[in-house]
Amino acid sequence: MSGKNQPISGNDLARFSGPGSFMRLPYANDLSDLDVAVLGVPMDIGTSWRSGTRFGPKQVRAESAMIRPYNMGTGAAPFDSLQVADIGDLAINTFSLADSLKIIEASYNQILQYDVIPMGIGGDHSITLPILRAMHEKHGPLALVHVDAHADVNDEMFGERETHGTVFRRAYEEGLLIPEKVYQVGLRGSGYTAEDFTEAQGWGFQHFPAHELWHRSLSTLGGEIRRDIGADTPIYVSYDIDSLDPAYAPGTGTPEIGGLTTPQALELIRELKGLKIVGCDLVEVSPPYDTTGNTALTGANILFELLCVLPGVAYR
Ligand code: MN
Ligand code: MN
């Protein structure tokens, strides 16, 4: 064995018992030895339609108890080479969105004092703006793979400039991103004006609407994105579960029909291997809207697949 933290095996302790951490990994308070820190951001006060993502981290972790440490599809064995731990949940202020976003940014600034890759479990998508501010503080402008039904580039919602639908306009305005290396994949649904879907392309963002991806493998697109970004550019991956069709992921706040399939999600992520991924998140899982747990199970597996393409992952 590598001597690294390992998820508790389902052959040693029944899957339905033990710690409630991600993949039943050890919890850690000290980040100094970690390569990857998994954390929850349990929040839903940035949403515009259905709430419930405050329960996302808890259920994603619960469903992650099913996942075994070796990736049969790709050969990745992340726990052979990376020290991974769950560092718990951020203590957000559930009565104040503005305060919560400040807490998230300050917490990420603390986390990023260490040489660690944060994997955030949302929470609604508004968590990603303060995360990107902290990531930019450490790494400079970032490439971004943003998988989502929505571009999240509204200017404001009810006069509010920081919500789950305004994240990437603010990130663009604040210079957090490399605009021509922003890839928004899975966009679809209805809008208010035609510009809802085109304005961000004028900034340099690259759009890949869902209808252009229907019935296609995403391996080709993933490979093109990988080559376009290049191996040395810091990249953040923000994965909104509503990028998937509601048939696969109904437990989310703003579902849109005609979405990506689960195999397409895996194809896309698996092509990101070899990139300088410096952080990622999985957002918008809303457990009350999926009593089967399948959405959280899918979210947990997306996080595992992301873990499997991080820099330094071992293969068998
Ligand atoms: Mn989103
Ligand atoms: Mn969305």
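Along the sequence shown, residues are numbered consecutively beginning with 1. As the structure lists them, so they are numbered: ligands from 1, and atoms in each ligand from 1.
Nearest to the Mn ion (ligand 1), among the N, O or S atoms that Asp152 has, is OD2. For His150, the N/O/S atom at the shortest distance from the Mn ion (ligand 2) is named ND1. In Asp148, the N, O or S atom that comes nearest to the Mn ion (ligand 2) is OD1.
The existence of a salt bridge linking Glu162 and Arg133 is confirmed by a sub-4.0 Å separation between a basic side-chain nitrogen and an acidic carboxylate oxygen. No salt bridge links Arg188 with Glu256; every basic N to acidic carboxylate O contact stays at or beyond 4.0 Å.
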Problem - Audit row: Asp89, Arg54, salt bridge (charged side-chain N to carboxylate O under 4.0 Å, His left out) steps and yes/no - result: CA-CA 11 Å; Asp89 286 341; Arg54 64 180 61 185; over 6 Å; no
Exercise for the section: Report the C-alpha distance between Glu173 and Arg161 in whole Å, list the side-chain angles of each, state the deciding distance to 0.1 Å, and finish with yes or no for salt bridge (charged side-chain N to carboxylate O under 4.0 Å, His left out). Expected result: CA-CA 12 Å; Glu173 290 171 346; Arg161 291 170 57 80; 3.5 Å; yes
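If you put the vertex on the Mn ion (ligand 1), ND1 of His125 and OD2 of Asp240 sit 100° apart, to the nearest 10°.
Of the possible donor and acceptor atoms, none in the side chain of Tyr289 sits under 3.5 Å from a partner among the backbone N and O of Gly253.
The Mn ion (ligand 1) has no N, O or S atom of Asp242 closer than 2.8 Å.
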